[in-house]
Structure formats: structure tokens, C-alpha cells
Amino acid sequence: MSVVALVPAAGRGVRLGLNVPKALVPVKGESLLLRAVRGLLGSDRVQHVVVASPPDQVEVVAAELATLPNAHVVPGGAERTDSVRLALGAVADVAPDAHVVLVHDAARCFTPASVIRDVVSAVEAGAPAVIPVLPVTDTIKRVDESGAVVETVDRAPLRAVQTPQGFNIDVLRQAYAAAGDIATDDAGLVERVGGKVHTVDGHPDALKITTAFDLAVAEAVLAAEESSPK
Ligand SMILES: Nc1ccn([C@@H]2O[C@H](COP(=O)(O)OP(=O)(O)OP(=O)(O)O)[C@@H](O)[C@H]2O)c(=O)n1
Ligand SMILES: C[C@](O)(CO)[C@H](O)COP(=O)(O)O
């Protein structure tokens with residue numbers, strides 16, 4: 001029985017604005033993708049990784065990951081949902097004994113190993129779906145079409161969702177078989193088919209790099225890690 005991670009990495013990174021697929025953007029000389037895949041395999045709880053690459057960059061992405069054992073590359077799709085679906089389709093060949101599947105954004109490459117392990121452990125303990133979450137720290141308002149505030153939302157029960165999201169593989173296959181349209185959140189697809197989604201603690205370092213500001217934050221995180229004593 002093995003754990004396989006799917007890494008959607010086929011996004012264009014439009015909001016980052018560097019004219020290169022975001023997964024291939026380097027931070028201190030190493031791409032987000034290389035860091036994300038190495039983090040998964042280095043957690044010691046993930047045996048195989050299937051990366052969904054920009055379709056026109058499959059060879060580039062394969063070369064980027066050539067030093068990592070058990071990293072496999074497939075062409076991704078137009079939307080994140082398509083990329084995850086294509087990677088999920090490759091699991092039967094890559095890891096036929098997989099019982100747990102993680103879905104982890106390449107853009108969350110600084111996720112600590114402890115979060116990856118906690119997600120895998122919770123699925124192995126019997127949860128059909130598990131997501132890492134953080135409390136919402138901002139004040140949240142609901143507004144109308146004109147932008148006027150309708151109410152102040154109670155943030156106590158709200159959580160911001162990170163990856164890796166973990167699933168019993170049969171549950172994720174069932175959720176994707178039923179998914180008709182675009183959904184950026186895999187656990188949301190499980191909810192739609194009536195599956196229970198559990199949470200574990202996320203981590204601030206698992207931020208999704210979307211904008212230039214996020215990239216600057218990630219560089220600061222890395223610099224802090226490198227300067228902290230082991
Ligand atoms: N067609 C797509 C779109 C996104 N992703 C991946 O899904 C993750 C989350 O998407 P996001 O952060 O929105 O990335 P981009 O789509 O690249 O960003 P943008 O919308 O700014 O272009 C990323 O790892 C991205 O590579 C993917 O595999 N296939
Ligand atoms: C899965 C996810 O990372 C959870 O925050 C997120 O939903 C990815 O897609 P999005 O386009 O950034 O919403």
C-alpha cells in the first residue's frame with residue numbers, strides 16, 4: 001500500500017506576471033516545483049508523485065525533476081480541475097497499490113513536512129478526506145452588489161484552506177467522476193458527493209505563492225529557515 005501525491009503545476013502564473021509557468025519560477029535557484037516535489041518525497045510518507053505539467057513544458061518539467069526518484073510527469077489541462085483529473089488518471093499505472101492520494105499545489109512549496117505527515121496519518125486513520133486549515137485572522141464582511149456592508153461575519157468557525165489535501169483514493173475517484181464543472185478545491189468535490197471532510201492544523205509557511213508579494217514572503221521564509229540553527 002502506498003501514498004501518491006498529485007501536484008497540479010500546469011498553471012500559467014498570470015498574477016505573478018513573470019511570463020513563465022509559476023511552477024518553474026526559481027526561489028534562490030530552485031524552482032517552486034522542485035521544492036514542492038522534494039518536500040513531499042522528503043516527508044517519508046509519500047512514495048510517488050505525479051506532476052501535471054504545462055502541456056507544452058513536459059520535457060522541461062521532467063528534466064527539472066530528473067534527480068528525484070518516483071517523480072512522474074503528465075501533461076496538465078486548461079483548469080486546475082483538469083490537471084488534477086489527468087494526474088489522478090495516471091495513478092493506476094504509476095502506483096497501482098495506492099490507498100491514499102494527496103493533492104498538493106506546486107505553489108505551496110514551503111509546506112512543512114509535519115503538515116504532510118499529519119494529513120497522511122489522518123487519512124490512514126480512516127478519514128475519507130482531510131484538509132490543512134488555518135483560522136481566519138482578518139475581520140470578514142459580507143457586502144452587496146454596490147459594495148455596501150450587509151453584515152460582519154462571525155469568523156470564529158471560518159478556516160482558510162491549504163494543501164496537501166488528503167483522500168482515500170476511492171473517495172477522490174468517486175468525487176472526480178461526479179465533478180461536472182470547474183472547482184479549485186478538491187475537498188469541495190468530496191463534499192458535493194456527501195463525503196465528510198476532516199481538518200488538521202495547517203501552517204503559515206504553506207502559503208500559496210500567487211503574487212509578487214507572496215514570492216517575496218516566500219524568499220523571506222527561506223532566508224529565515226536557512227539562518228536558523230538546526
Ligand atoms: N490549468 C491549471 C491551473 C492551475 N494549476 C495549478 O494549480 C495550483 C493553484 O493554482 P494558482 O495558484 O491559481 O496558479 P496559476 O493558475 O498558475 O495562477 P494564475 O491564476 O495567476 O495564472 C498551481 O500549482 C497551478 O500550477 C494547474 O495545475 N493547472
Ligand atoms: C486548493 C487550494 O489551494 C486551497 O486553497 C485552492 O483552492 C487552489 O485554487 P485557487 O484557484 O487558488 O482557489
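Every number for a ligand or one of its atoms is a count from 1 in the order of the listing. Since this is a predicted model, take the numbers as computed values, not measurements. Throughout, numbering of the chain's residues begins at 1 and tracks the sequence.
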Residue and atom name of the nearest protein heavy atom (relative to [atom]), distance in Å to one decimal:
atom	answer
atom 29 (N) of ligand 1	Ser83 OG, 2.7 Å
atom 8 (C) of ligand 1	Asp105 OD1, 3.4 Å
atom 24 (O) of ligand 1	Pro8 O, 2.8 Å
atom 20 (O) of ligand 1	Arg15 NH2, 2.9 Å
atom 22 (O) of ligand 1	Val14 N, 2.7 Å
atom 17 (O) of ligand 1	Gly13 N, 2.8 Å
atom 13 (O) of ligand 2	Thr184 OG1, 3.1 Å

Which atoms of ligand 2 are found less than 4.0 Å from any heavy atom of [X]?
X	value
Arg108	2 (C), 3 (O), 4 (C), 5 (O)
Val161	4 (C), 5 (O)
Thr163	1 (C), 3 (O)

Do NZ/NE/NH1/NH2 and the carboxylate oxygens of Asp56 and Arg12 come within less than 4.0 Å?
yes
Carboxylate-amine/guanidinium proximity below 4.0 Å for Asp138 and Arg155
no
Would [X] count as a polar contact of ligand 2, with the cut-off being nitrogen or oxygen pairs under 3.5 Å?
X	answer
Arg80	no
Asp105	yes
Lys208	yes

With a cutoff of 4.0 Å, is Ala78 in contact with ligand 1, counting heavy atoms of the residue only?
yes
Distance-only, no hydrogens or angles: does the Ser83 side chain make a donor-acceptor pair with backbone N or O of Gly77 under 3.5 Å?
yes
[Y] and [X], any side-chain heavy atoms less than 4.5 Å apart:
X	Y	value
Val4	Val46	no
Val91	Leu6	yes
Pro8	Asp105	yes

Answer with yes or no whether the side chains of His99 and Glu124 bring together a donor and an acceptor at under 3.5 Å.
yes
Looking only at the side chains, is there a donor atom on one of Asp118 and Ser121 sitting less than 3.5 Å from an acceptor on the other?
no
Go through ligand 1 atom by atom and flag the ones less than 4.0 Å from a non-hydrogen atom of Lys208.
11 (P), 12 (O), 13 (O)
Close-contact set for ligand 1 against Ala106 heavy atoms, below 4.0 Å
24 (O)
Based purely on interatomic distance, does Ala9 place a nitrogen or oxygen under 3.5 Å from a nitrogen or oxygen of ligand 1?
yes
Give yes if a backbone or side-chain nitrogen or oxygen of Ile209 is under 3.5 Å from a nitrogen or oxygen of ligand 1, and no if not.
no
[atom1] of [X]: more than 12 outside heavy atoms within 6.0 angstrom?
X	atom1	result
Glu151	CD	yes
Lys28	NZ	yes
Asn19	CG	no

Using heavy-atom distances only, which candidate in Arg12, Lys22, Arg80 approaches atom 11 (P) of ligand 1 most closely?
Lys22
From atom 1 (N) of ligand 1, work out which of Gly11, Gly77, Ala10, Gly76 has a heavy atom at the shortest distance.
Gly77
Would you check, one step at a time, whether the test side-chain contact (heavy atoms from CB on, under 4.5 Å) holds for Phe167 with Gln165?
CA-CA 7 Å; Phe167 306 90; Gln165 301 189 353; 3.7 Å; yes
